[in-house]
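For reference, the structure I am asking about is given below.
Because only heavy atoms are used, hydrogens play no part in the values below, and waters and symmetry mates are left out as well, while side chains stay in.
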Amino acid sequence: MVNRSVFEASGEADGSAVAGPGAVFDWLDESARQRAGAGLTRTLRSRAADDAVLDLAGNDYLGLTRHPAVTRAAADAALRWGAGATGSRLVTGTTALHTELEEELAAFCGAEAALVFSSGYTANLAALTALTDPDTLIVSDAHNHASLIDGCRLARAAVHRAPHSDPDAVADVLAARAHRRALVVSDSVFSVDGNAAPLAGLAAAARRFGAALLVDDAHGLGVLGPGGAGATAAAGLAGAPDVVTTVTLSKSLGSQGGAVLGPRRVIRHLTETARTFIFDTGLAPAAAGAALGALRLLRAEPQRAGRAREVARTLAARLTAAGLHASAPDAAVVSVRAPGPGAAVAWAADCRRAGLAVGCFRPPSVPDGVSRLRLTARGDLTDDQIAAAVRIIVATAPA
């Protein structure tokens, strides 16, 4: 039987010609024009290995991505284990190196166990989808990272978007819930302005109503807590039986990958049920080796965490004194407000031409719709580099 709707939709029913194959994506051109009109065009820019630009755009908070001990650990791991993990972690993708990294990461952060993923993004998706079901209510902070938002969307649970950093509002939602289980979800340090979440208050609200707490500590690990053990440790929640932490290995540890840390039974459950673990190729040995090398370096030199925070405070204070609207950092992120998306893009471009790379955050990447420059306060910056960065940002600021 012929499906007439197909022909009617294509125009063949009345004899009109069918558009060429390329026409199926014509709508993308209009979408691109709309983004351009809103100042939201995004462009990939390759950088050279010897780029002389001062980098305050990346997330290398401790300046370890090029540290000789870290790059040597990456090279040694690749030479010993090969270029790739060869398969999923449950088949062939788990090496003794992955296990070693998980054990040392858990011990450093004060957790019972850890599970390494190919990225922090997949770690967040795993935690949110595997630790919830249709009888779960997720209470998610309004300013949470996109990976947490996507995890909420993929989960089979009900989701409530809570006001930003408001434990009382979270408690109210939990008190009124009809679901058997609940999971409170928050970044530890919000990546746009660098402000820290009230983790102690969120934990208290969660415990009062029998909920678990999931903390994305991507921007806290290596910067906050004793020796850089993270925001969960700083809040006295490390090792708690009702707290799960996700981290990335691509920021303070200068490598690639992510991990979930928490009670052993949580890690076992993720190992057996999390789709982004079961069906994903394991983290490349070089990345695992680099992360382990960076972790050991941080453990030997814990003062690196404090230096990153000191640099952030210095940047914020000097930019504020110059009349710019800079955020007061709780960790190693400083943002500087721009008049709008177009001005932010032009400002970042002017900074780069002057020898400074800065981040440029615009909607929809910012939850409040305010465009910003985003600065990474690297712990390895010298006083002269800090002064140069401030000078360039102030000199290129929109009138």
Walk me through it: do Val139 and Leu183 pass the test side-chain contact (heavy atoms from CB on, under 4.5 Å)?
CA-CA 6 Å; Val139 185; Leu183 179 67; over 6 Å; no

For the residue pair Ala111 and Leu261, what are the closest heavy atoms and their distance?
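Smallest interatomic distance, heavy atoms only, reads CB-CB, 3.8 Å.
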
Looking only at the side chains, is there a donor atom on one of Asn59 and Arg378 sitting less than 3.5 Å from an acceptor on the other?
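Asn59 vs Arg378: no donor-acceptor pair found between side chains.
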
Expected output: side-chain His98 to main-chain Leu283 donor-acceptor under 3.5 Å:
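Yes; at least one donor-acceptor contact below 3.5 Å.
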
Exactly one of Leu214, Thr122, Leu115, Leu221 should register a side-chain contact (heavy atoms from CB on, under 4.5 Å) with Thr246. Which one does?
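That would be Leu214; it is the only one of Leu214, Thr122, Leu115, Leu221 passing the side-chain contact (heavy atoms from CB on, under 4.5 Å) with Thr246.
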
By the definition side-chain contact (heavy atoms from CB on, under 4.5 Å), identify the one residue from Asn195, Asp193, Val223, Leu224 that meets it with Asp330.
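Going through the options one by one, the only one that passes is Asn195.
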
Regarding Arg296 and Glu100, does a basic nitrogen lie under 4.0 Å from an acidic carboxylate oxygen?
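Between Glu100 and Arg296 there is a salt bridge, with a charged N closer than 4.0 Å to a carboxylate O.
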
Which heavy atom of His164 sits nearest to which heavy atom of Ala142, and what is that distance?
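The answer is N-CB, 4.2 Å.
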
Given 3.5 Å as the limit, does a donor-acceptor pair link the side chain of Arg374 with the main chain of Arg372, or not?
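Not a single qualifying donor-acceptor pair exists.
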
Heavy-atom pair with the smallest gap, counting every atom of Thr41 and Ala36:
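Of all heavy-atom pairs spanning Thr41 and Ala36, the closest is OG1-CA, 3.4 Å.
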
Are Glu102 and Arg89 ion-paired here, with the side-chain N under 4.0 Å from a carboxylate O?
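Counted as a salt bridge, because a side-chain N and a carboxylate O are separated by less than 4.0 Å.
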
Is there a side-chain contact between Ile393 and Trp347 in this structure, where contact means two heavy atoms from C-beta onward sitting under 4.5 Å apart?
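Side-chain contact under 4.5 Å: yes.
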
Please test Leu315 against Leu56 for side-chain contact (heavy atoms from CB on, under 4.5 Å), starting from the C-alpha separation and ending with a verdict.
CA-CA 11 Å; Leu315 283 170; Leu56 268 67; 4.1 Å; yes

When you check the gap from the basic side-chain N to the acidic O, do Arg352 and Asp51 get nearer than 4.0 Å?
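Yes, this pair counts.
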
If you take all heavy atoms of Ala274 and Ala126, which pair is closest and at what distance?
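Nearest pair, atom of Ala274 first, then Ala126: CB-CB, 3.6 Å.
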
Under a single-linkage definition using a 4.5 Å side-chain heavy-atom cutoff for Ile, Leu, Val, Met, Phe, Trp and Tyr, are Val189 and Tyr61 assigned to the same hydrophobic cluster?
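Yes.
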
For Ala287, does its backbone N or O pair with a side-chain atom of Ser255 as donor and acceptor, under 3.5 Å?
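Yes; judged by distance alone, with no hydrogens or angles, the pair exists.
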
Gap between atom CG of Leu270 and atom CZ of Arg275 - 0.5 Å precision
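Rounded to the nearest 0.5 Å, the CZ-CG separation comes out at 14.0 Å.
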
Asp380 side chain near Leu62 side chain, heavy-atom distance below 4.5 Å:
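Asp380 does not reach Leu62 side chain to side chain.
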
For the hydrophobic clusters of this structure (ILVMFWY residues joined by side-chain heavy atoms under 4.5 Å, transitively), does one cluster hold both Leu128 and Val266?
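Same cluster.
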
CZ of Phe361 to OG of Ser191: how many Å apart, nearest 0.5 Å?
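Separation between the atoms: 5.0 Å.
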
For the pair Asp60 and Lys251, find out whether any cationic side-chain nitrogen is under 4.0 Å from an anionic carboxylate oxygen.
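So Asp60 does not pair with Lys251 through a salt bridge.
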
4.5 Å side-chain heavy-atom contact, Val53 and Arg47
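Not in contact.
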
Just by modelled atom types, is the Ala69 backbone N or O under 3.5 Å from a matching donor or acceptor in the His67 side chain?
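Yes: the side chain of His67 pairs with the backbone of Ala69.
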
Please report the interatomic distance CZ(Arg156) to OG1(Thr132), rounded to the nearest 0.5 Å.
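Reported value, rounded in 0.5 Å steps: 6.5 Å.
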
Looking only at the side chains, is there a donor atom on one of Asp217 and Ser188 sitting less than 3.5 Å from an acceptor on the other?
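Side-chain D/A pair, Asp217 to Ser188: present.
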
Should the ring pair Tyr121 and His145 be called parallel, tilted or perpendicular, given that the plane angle runs from 0 to 90° and is split at 30 and 60?
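If you compare the ring of Tyr121 with that of His145, the planes turn out perpendicular.
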
So, Glu104 and Arg299, do they make that salt bridge, N to O below 4.0 Å?
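Arg299 and Glu104: salt-bridged.
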
Determine whether Val244 and Leu213 satisfy the following criterion, side-chain contact (heavy atoms from CB on, under 4.5 Å), listing intermediate values before the conclusion.
CA-CA 6 Å; Val244 175; Leu213 175 64; over 6 Å; no

Examine distances only and state if a side-chain atom of Asn144 and a backbone atom of Asp187 form a donor-acceptor pair shorter than 3.5 Å.
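Side chain of Asn144 to backbone of Asp187, a donor-acceptor pair under 3.5 Å: yes, one is there.
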
Do NZ/NE/NH1/NH2 and the carboxylate oxygens of Glu310 and Arg307 come within less than 4.0 Å?
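Arg307 and Glu310: salt-bridged.
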
Is the closest side-chain heavy-atom distance between Pro329 and Val333 below 4.5 Å?
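No, too far: nothing below the 4.5 Å cut-off.
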
Please find the pair of heavy atoms, one from Ala83 and one from Ala284, that lie closest to each other, and give the distance.
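That would be O-CB, 3.8 Å.
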
Quick check: is Phe279 connected to Val260 through a chain of hydrophobic side chains (ILVMFWY, heavy atoms under 4.5 Å apart)?
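Both belong to a single hydrophobic cluster.
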
Can you tell me if Gln385 uses its side chain to pair, donor with acceptor, with the backbone of Thr382 under 3.5 Å?
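Confirmed, Gln385 side chain pairs with Thr382 backbone.
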
Charged N to carboxylate O under 4.0 angstrom, Arg80 versus Asp76?
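No, no charged N to carboxylate O under 4.0 Å.
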
Between Thr276 and Asp280, do the side chains contain a donor N or O and an acceptor N or O under 3.5 Å apart?
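Asp280 vs Thr276: no donor-acceptor pair found between side chains.
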
Give the C-alpha distance, both sets of side-chain angles, the deciding distance and a yes or no for side-chain contact (heavy atoms from CB on, under 4.5 Å) between Arg207 and Asp242.
CA-CA 8 Å; Arg207 286 172 179 169; Asp242 54 350; 2.7 Å; yes

Asn124 side chain to Ser147 side chain, donor-acceptor N/O pair below 3.5 angstrom
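The criterion, which ignores hydrogens and geometry beyond distance, is satisfied for Ser147 and Asn124.
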
Kindly compute the distance separating CG (Leu249) from CG (Leu101), expressed to the nearest 0.5 Å.
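Answer rounded to 0.5 Å: 6.0 Å.
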
Leu237 and Val185: same hydrophobic cluster, using ILVMFWY side-chain contacts below 4.5 Å?
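Leu237 and Val185: separate clusters.
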
Close side-chain approach of Val70 and Leu253, heavy atoms under 4.5 Å
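No, too far: nothing below the 4.5 Å cut-off.
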
Check: Leu125 and Leu154 side chains under 4.5 Å, non-hydrogen atoms
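When only atoms from C-beta onward are counted, Leu125 and Leu154 do touch, with a gap below 4.5 Å.
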
Does one hydrophobic cluster hold both Val345 and Val358, with members joined at side-chain heavy-atom distances below 4.5 Å?
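Each belongs to a different hydrophobic cluster.
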
May I ask you to check whether Asp133 and Thr136 show a side-chain donor-acceptor distance below 3.5 Å?
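The answer is yes; a qualifying pair exists.
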
A side-chain contact here means heavy atoms from C-beta on lying under 4.5 Å apart; do Ser186 and Val215 qualify?
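No, side chains not in contact.
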
Side-chain donor/acceptor of Gln256 to backbone N/O of Ser250, under 3.5 Å
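The answer is no, because no donor-acceptor pair under 3.5 Å joins these two groups.
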
Return yes if a side-chain donor-acceptor contact under 3.5 Å exists between Arg35 and Ser31, otherwise no.
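A donor-acceptor contact under 3.5 Å links the two side chains.
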
Compare all side-chain heavy atoms of His160 with those of Arg177 and state whether any distance is below 4.5 angstrom.
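The answer is no, as the side chains (C-beta and beyond) never meet within the 4.5 Å cut-off.
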
Looking only at non-hydrogen atoms, find the nearest pair between Leu297 and Leu64 and report the distance.
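Heavy atoms of Leu297 and Leu64 come nearest at CD2-CD2, 3.5 Å.
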
Examine distances only and state if a side-chain atom of Thr71 and a backbone atom of Pro68 form a donor-acceptor pair shorter than 3.5 Å.
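Yes, Thr71 side chain to Pro68 backbone: donor-acceptor pair under 3.5 Å.
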
